[in-house]
Amino acid sequence: MVSLTADLSPLRPDRNLAMELVRATEAAAIRAVPFIGRGAKEAADGAAVDAMRAFLGTVDFQGRVVIGEGEKDNAPMLFNGEVVGTGRGPECDIAVDPIDGTSLTAAGRQNALSVIAVSDRGSMLDASTVFYMDKLVTGPAGVGVVDIRLPIAENIRRLAGALEKPVDELVVSVLNRPRHEQLIQEIRDAGAGTRLMSDGDVAGGINAARHDARTDMCVGVGGSPEGIVTACAIKALGGHIQGRLWPRDDDERQRGIDAGLEMDRVYEADDLVQGNNTIFVATGVTDGQLVAGVRRERGYVYTESVVLRGASGTLRRIASEHLVSKWL
């Protein structure tokens with residue numbers, strides 16, 4: 001029998017852990033600053049990975065990287081299965097992307113983020129064998145209304161009705177890729193507008209789920225890691241997310257099947273991440289709708305971050321000032 005007065009370590013991710021994780025995304029974003037607009041995306045990613053790994057090593061938790069970026073483009077990464085943290089505190093699954101939008105960073109364009117998502121150990125879907133996923137994300141109005149199996153025109157019509165707004169006022173975010181040419185045309189033919197993203201579909205998904213953002217839906221094929229990360233954030237926003245794995249060839253399909261993944265299944269939010277005990281943290285690398293990017297003025301570096309907790313359904317913004325002499 002456990003004593004109620006025993007000094008027990010927390011068994012689940014909590015609010016204190018959320019604040020500690022912000023330090024890791026801030027560090028990754030700041031270290032990427034010298035590479036913004038320099039055309040060197042791998043150098044930016046490498047600096048961010050090193051900073052994130054170093055700071056995660058100081059956090060009191062037992063984190064296991066379930067899914068991360070890097071393998072699909074041979075970039076530096078926190079590798080799948082890597083254990084981070086001090087080894088004390090809660091056992092967690094983590095999904096990481098030291099820079100979601102390395103190409104955006106290299107080009108000096110908007111919406112690059114440093115991101116970490118955390119949930120209870122064993123709760124995240126390990127989709128690391130299949131690098132891409134077809135996703136549909138909306139805010140709370142889309143819950144029980146839209147479905148990824150339906151034509152996009154029908155989903156637009158349904159969401160417009162749920163939001164009580166004309167179809168021609170709906171805005172749908174899509175990654176600007178050749179694979180999406182038909183999808184983009186179908187969205188426009190349905191009467192909705194498009195917001196084409198060059199990269200960074202984590203920000204696109206979260207903005208689609210926020211009540212005060214300028215987009216209503218995010219659709220299309222993007223990274224599987226981004227799908228898991230986005231699902232953790234959606235739990236805090238009360239929104240809707242569905243995903244279907246999108247293998248690029250037969251070999252990748254078979255690797256996914258061998259790993260226990262179902263290629264024809266629609267993964268709902270609770271399939272991507274079980275339960276609501278999720279934490280999502282992100283710091284802006286470059287400016288975007290979700291957060292401002294890193295800004296350097298005289299002797300200070302300024303960062304903006306968001307923390308979303310599924311357990312409490314909260315989104316908090318954190319503005320920080322850092323002495324340049326300590327960082328750059």
Side-chain angles (χ1 to χ4, degrees), residues 20-59 63-86 94-118 127-129 131-132 175 197-203 222-230 280-288 290-296 301-305 320 322-328:
E20 285 295 298
L21 294 173
V22 172
R23 296 169 59 240
T25 56
E26 286 177 343
I30 292 170
R31 290 298 191 190
V33 167
F35 304 99
I36 294 174
R38 304 287 179 165
K41 70 175 188 176
E42 289 190 8
D45 209 21
V49 167
D50 289 345
M52 181 174 283
R53 178 180 280 118
F55 271 79
L56 285 175
T58 70
V59 178
R64 181 187 65 189
V65 178
V66 172
I67 192 164
E69 274 287 2
E71 290 182 48
K72 72 173 181 284
D73 51 9
N74 298 313
M77 62 177 176
L78 282 146
F79 59 84
N80 297 332
E82 181 171 352
V83 176
V84 295
T86 64
I94 67 173
V96 298
D97 199 346
I99 303 180
D100 177 41
T102 52
S103 296
L104 298 175
T105 302
R109 302 181 68 176
Q110 291 191 339
N111 288 321
L113 301 171
S114 178
V115 173
I116 299 173
V118 174
S128 56
T129 51
F131 295 134
Y132 290 95
L175 281 170
M197 305 177 293
S198 57
D199 280 292
D201 62 337
V202 170
S224 295
E226 288 87 345
I228 307 302
V229 168
T230 302
F280 170 92
V281 299
T283 300
V285 178
T286 60
D287 286 339
L290 183 60
V291 284
V294 180
R295 177 169 54 91
R296 178 176 176 177
V301 173
Y302 300 88
T303 59
E304 184 180 18
S305 306
S320 303
H322 314 264
L323 283 171
V324 168
S325 60
K326 300 290 186 180
W327 287 96
L328 299 173

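Just so we're clear, the structure is a prediction, and the values are computed from it rather than from any experiment. Atom set for the values below is all heavy atoms of this structure, side chains included, hydrogens, waters and symmetry mates excluded.
- At least one side-chain heavy atom of L290 sits under 4.5 Å from a side-chain heavy atom of L113.
- Here CG of D45 is found 10.0 Å from CG of D100. Values are rounded to the nearest 0.5 Å.
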Point to revise | Working for side-chain contact (heavy atoms from CB on, under 4.5 Å), residues I30 and T303 | key: CA-CA 8 Å; I30 292 170; T303 59; 3.8 Å; yes
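- Residues passing the salt bridge (Lys or Arg N to Asp or Glu O under 4.0 Å) test with R109, sequence neighbours excluded: none.
- Using a 4.5 Å heavy-atom threshold, the side chains of T283 and E304 count as separate.
- Considering only heavy atoms from C-beta on, V84 comes within 4.5 Å of I94 through its side chain.
- Residues I99 and L104 form no side-chain contact, since every pair of their non-hydrogen atoms from C-beta on lies 4.5 Å or further apart.
- Residue A112 comes nearest to T105 through the heavy atom pair CB-OG1, 3.3 Å, listed as atom of the first residue, atom of the second, then distance.
- A pairwise comparison of heavy atoms in P225 and F131 identifies CD-O, 3.9 Å as the closest pair.
- Interatomic distance, CG of L56 versus CD1 of I116, reported as 4.5 Å (0.5 Å rounding).
- Here OH of Y302 is found 10.5 Å from NE2 of H322. Values are rounded to the nearest 0.5 Å.
- Nearest heavy atom pair, residue N80 against residue V66, reads OD1-O, 3.7 Å.
- A donor-acceptor pair under 3.5 Å is absent between the side-chain atoms of D287 and the main chain of A292, judged by distance alone.
- For the pair D201/M197, a side-chain contact is recorded, criterion being any heavy-atom separation below 4.5 Å from C-beta on.
- Salt bridge absent: E26 and R23 never bring a charged side-chain N and a carboxylate O closer than 4.0 Å.
- Between the T58 side chain and the A54 main chain, no donor and acceptor come within less than 3.5 Å of each other.
- Atom OH of Y132 and atom OG of S224 lie 9.0 Å apart (nearest 0.5 Å).
- Residues V96 and M52 have side chains in contact (heavy-atom distance under 4.5 Å, counting atoms from C-beta outward).
- Residues forming a side-chain contact (heavy atoms from CB on, under 4.5 Å) with D50 (at least two apart in sequence, or on another chain): R53.
- For the 3.5 Å distance criterion, the side chains of T25 and S114 fail to qualify, holding no donor opposite an acceptor.
- Between V202 and F280 there is a side-chain heavy-atom pair separated by less than 4.5 Å.
- Residues V285 and I36 meet the side-chain proximity criterion, which asks for heavy atoms closer than 4.5 Å.
- Pairing each heavy atom of G284 with each of A29, the nearest pair is O-CB, 3.8 Å.
- Summarising the geometry, atom CD belonging to E226 is positioned 8.5 Å from atom CG belonging to L175; distances are rounded to the nearest 0.5 Å.
- Shown here are the side-chain contact (heavy atoms from CB on, under 4.5 Å) partners of R38, two or more places apart in sequence or in another chain: there are none.
- Nearest heavy atoms, A44 versus A32: O-CB, 4.4 Å.
- Here the shortest heavy-atom pairing between A40 and A106 reads N-CB, 3.9 Å.
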